[in-house]
Structures are given as C-alpha cells and as structure tokens.
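FYI, the numbering just counts along the sequence from 1. Predicted model only: the values in this text are computed from it and were never measured. Only heavy atoms go into these numbers, but all of them, side chains included; no hydrogens, no water, no symmetry mates.
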Amino acid sequence: MKVALFIPCYIDQFYPKVGIATLQLLEKLGCEVHFPANQTCCGQPMANSGYEHITGDCTKLFQDNFNEYDYVVSPSGSCTLHVKEHIPLKGRIYELIEFITDILKIESLEGEFKHKVGLHQSCHGQRGLHLSQMSELNAPFFSKPEQFLKNLKGLELVTLDRKDECCGFGGTFCVAEEAVSVRMGQDRLSDHLKNGTEILTGGDTSCLMHMEGIIRREKHDIKVMHIAEILNQAMIVPGLES
C-alpha cells in the first residue's frame with residue numbers, strides 16, 4: 001500500500017513532532033510511507049476566509065504532489081475535510097484515525113499509556129468526517145478515536161460533561177472573533193479541568209494549539225498531545241521504537 005503523508009503547514013512550522021509521530025505510527029502498522037517534499041498549504045485558510053477563487057495554484061500543487069499515491073493521510077481533520085470537499089484527487093485522502101479504522105481495518109492497538117486522558121472531539125472530525133457520533137442525535141454512540149484510547153493499558157479516559165463541545169478555534173474565526181474564540185476555549189478547558197484531565201488529546205492539532213495557548217497563558221497543569229503521539233508512544237514494535 002503506497003501511502004503519502006500530508007503534513008499541514010501549521011504542523012510543519014509549530015508541531016513537527018506530530019508529523020514524525022504520524023509517520024512512525026503508520027510504519028509500525030505496516031505502511032510504506034512517502035513524504036512529497038514540495039507540498040505546501042492546501043488552501044484552507046483562504047477558502048475559509050471567502051477567497052477560494054484564488055486557491056487554484058494551491059490546488060494544482062496539491063494534485064501534482066499527491067495524485068500518484070493510493071492514499072493520502074493527514075493528522076489534521078480540518079485540512080483533510082477541506083481537501084475531500086475542494087480538491088479532486090486520483091487517490092483518496094483520510095484523516096489518520098479514519099485511515100487506520102476504515103482502510104487498514106484496525107479496531108484496537110496494543111500498547112500502554114498510564115495517564116488520565118481527556119479527548120477533544122473536533123468539529124471537523126466529528127461533524128465533517130464522522131469520526132464520532134454527535135450527542136444531539138438520537139443515534140447509537142461511536143467514537144473511532146475513543147475506541148483506540150480505551151484499549152491502551154493503564155489509560156483512564158476522562159468522562160466530560162459536554163464531550164463534543166466546540167473549542168472556539170474555528171480557523172480564521174479565532175482571528176476575526178478573538179474574544180469569543182478565547183471565551184469558548186476557556187469554557188472547553190473548564191470541563192477538562194473539572195474532570196481531572198492530565199493530558200488533553202485530539203485529532204486536530206489546530207484545536208489543540210488553540211487550547212494549549214490558553215493553558216500556557218493561564219498556567220494550567222495540563223499537557224497537550226496529539227492522538228498520534230499517544231498511540232505512537234504507547235506502541236512498541238521491535239526495530240521501530242518511538
């Protein structure tokens with residue numbers, strides 16, 4: 001299986017360890033992973049700001065970099081959803097957890113992570129990619145990220161009062177409506193603080209970045225890790241240790 005790794009620009013610039021963890025995790029799961037060196041932004045920030053009509057060069061470059069691969073995998077739900085809906089690809093793009101469950105058909109991973117973990121279900125991942133069920137629907141519950149975390153030895157998954165509430169990041173929303181965005185982030189963090197989260201995780205580094213900024217400014221005792229970092233750290237494979 002020929003898999004290309006798409007690392008969004010903000011991960012490349014600020015959280016390269018998330019990209020490295022994603023690569024190592026996919027290799028531990030038996031994938032042959034390639035990283036097209038000429039990749040850049042997918043164009044989502046411009047499109048979200050109402051300027052999709054000028055993202056043509058981003059779209060063409062993305063296609064040139066990724067069209068030859070069977071699958072494209074990214075540790076970012078929001079960027080994945082943008083590509084799914086706006087950039088035609090010969091191959092298919094998947095968010096990391098989506099790829100592991102839907103394509104690799106893996107339901108659980110062997111590993112150990114002895115921490116109390118709070119999961120943030122991002123809006124793009126939940127309502128766009130359907131990685132978990134929305135609480136407002138009268139439908140059976142499921143959560144693809146949660147099923148992996150629950151099966152790790154020693155991991156205690158925190159029960160939140162409002163498990164799928166938005167953190168307020170919203171891409172360019174956090175710039176246009178800074179005060180509202182911060183207030184929403186504080187509300188989201190208060191649920192984790194109240195219920196004893198030690199490590200805050202999720203599948204969207206953008207949401208985690210937003211909440212980590214508030215955590216640092218307010219000096220809360222919570223560590224932030226992308227779910228790829230947790231799964232990669234938890235899994236030990238001879239010759240491919242994290």
Side-chain angles (χ1 to χ4, degrees), residues 1-27 31-100 102-103 122-131 166-178 180-181 202-213 226-229:
M1 187 179 293
K2 199 175 180 182
V3 176
L5 185 60
F6 166 47
I7 299 299
C9 44
Y10 68 96
I11 294 179
D12 178 63
Q13 293 294 314
F14 302 118
Y15 296 93
K17 60 184 181 178
V18 174
I20 294 169
T22 302
L23 168 65
Q24 292 176 338
L25 178 61
L26 289 171
E27 289 180 336
C31 296
E32 177 188 335
V33 185
H34 301 260
F35 182 80
N38 292 327
Q39 62 180 282
T40 59
C41 180
C42 64
Q44 181 191 186
M46 288 181 286
N48 285 354
S49 301
Y51 295 97
E52 188 177 355
H53 60 287
I54 63 172
T55 62
D57 289 341
C58 289
T59 296
K60 184 180 184 304
L61 182 60
F62 196 96
Q63 291 170 320
D64 290 344
N65 277 301
F66 293 103
N67 259 342
E68 67 176 279
Y69 297 97
D70 300 321
Y71 297 100
V72 181
V73 179
S74 178
S76 169
S78 59
C79 294
T80 297
L81 185 62
H82 172 77
V83 174
K84 277 181 184 282
E85 294 185 340
H86 298 274
I87 302 180
L89 281 180
K90 292 178 182 177
R92 291 173 287 175
I93 185 164
Y94 290 88
E95 183 271 343
L96 175 63
I97 298 300
E98 179 187 30
F99 178 75
I100 295 173
D102 296 3
I103 302 302
S122 71
C123 299
H124 282 92
Q126 185 170 46
R127 292 170 171 79
L129 299 175
H130 308 293
L131 297 178
C166 178
C167 71
F169 177 69
T172 53
F173 175 81
C174 71
V175 178
E177 298 289 347
E178 177 188 357
V180 177
S181 176
D204 253 309
T205 311
S206 52
C207 297
L208 297 178
M209 177 174 65
H210 175 59
M211 289 185 286
E212 186 176 33
H226 190 280
I227 192 170
E229 296 177 277

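- Contacts of N67 classified as side chain to side chain donor-acceptor pair (under 3.5 Å), with partners at least two apart in sequence or in another chain: none.
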With a cut-off of 3.5 Å and sequence neighbours excluded, list every side-chain donor-acceptor pair involving residues 31-38.
unit_1, atom_1, unit_2, atom_2, d
E32, OE2, H34, NE2, 2.7

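- Not a single salt bridge (Lys or Arg N to Asp or Glu O under 4.0 Å) links D70 to another residue, sequence neighbours left out.
- When all heavy atoms of A47 and H82 are compared, the closest pair comes out as CB-CE1, 3.5 Å.
- Interatomic distance, CG of L26 versus CG of L96, reported as 5.5 Å (0.5 Å rounding).
- If you take OG on S181 and NE2 on H210, they are separated by 3.5 Å, rounding to the nearest 0.5 Å.
- Within the 3.5 Å criterion, the main-chain N or O of L131 finds no donor-acceptor partner in the side chain of E98.
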Sequence neighbours left out, cut at 3.5 Å: what donor-acceptor pairs do the side chains of residues 3-20 make with other protein atoms?
unit_1, atom_1, unit_2, atom_2, d
Y10, OH, S76, OG, 3.1
Y10, OH, S206, N, 3.3
Y15, OH, E212, OE1, 2.8

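- Under the rule for a salt bridge (Lys or Arg N to Asp or Glu O under 4.0 Å), the partners of E68 that lie at least two apart in sequence or sit in another chain are K2.
- Within the model, atoms CD of E177 and OG1 of T172 stand 10.5 Å from one another, a figure rounded to the nearest 0.5 Å.
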Got a list of side-chain donor-acceptor pairs under 3.5 Å for residues 52-59, not counting sequence neighbours?
unit_1, atom_1, unit_2, atom_2, d
E52, OE2, H86, ND1, 2.7
T55, OG1, E52, O, 2.7
T59, OG1, T55, O, 3.2

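- Residues Y94 and K84 meet the side-chain proximity criterion, which asks for heavy atoms closer than 4.5 Å.
- Remark: Y69 OH to I93 CD1 distance equals 13.5 Å, nearest 0.5 Å.
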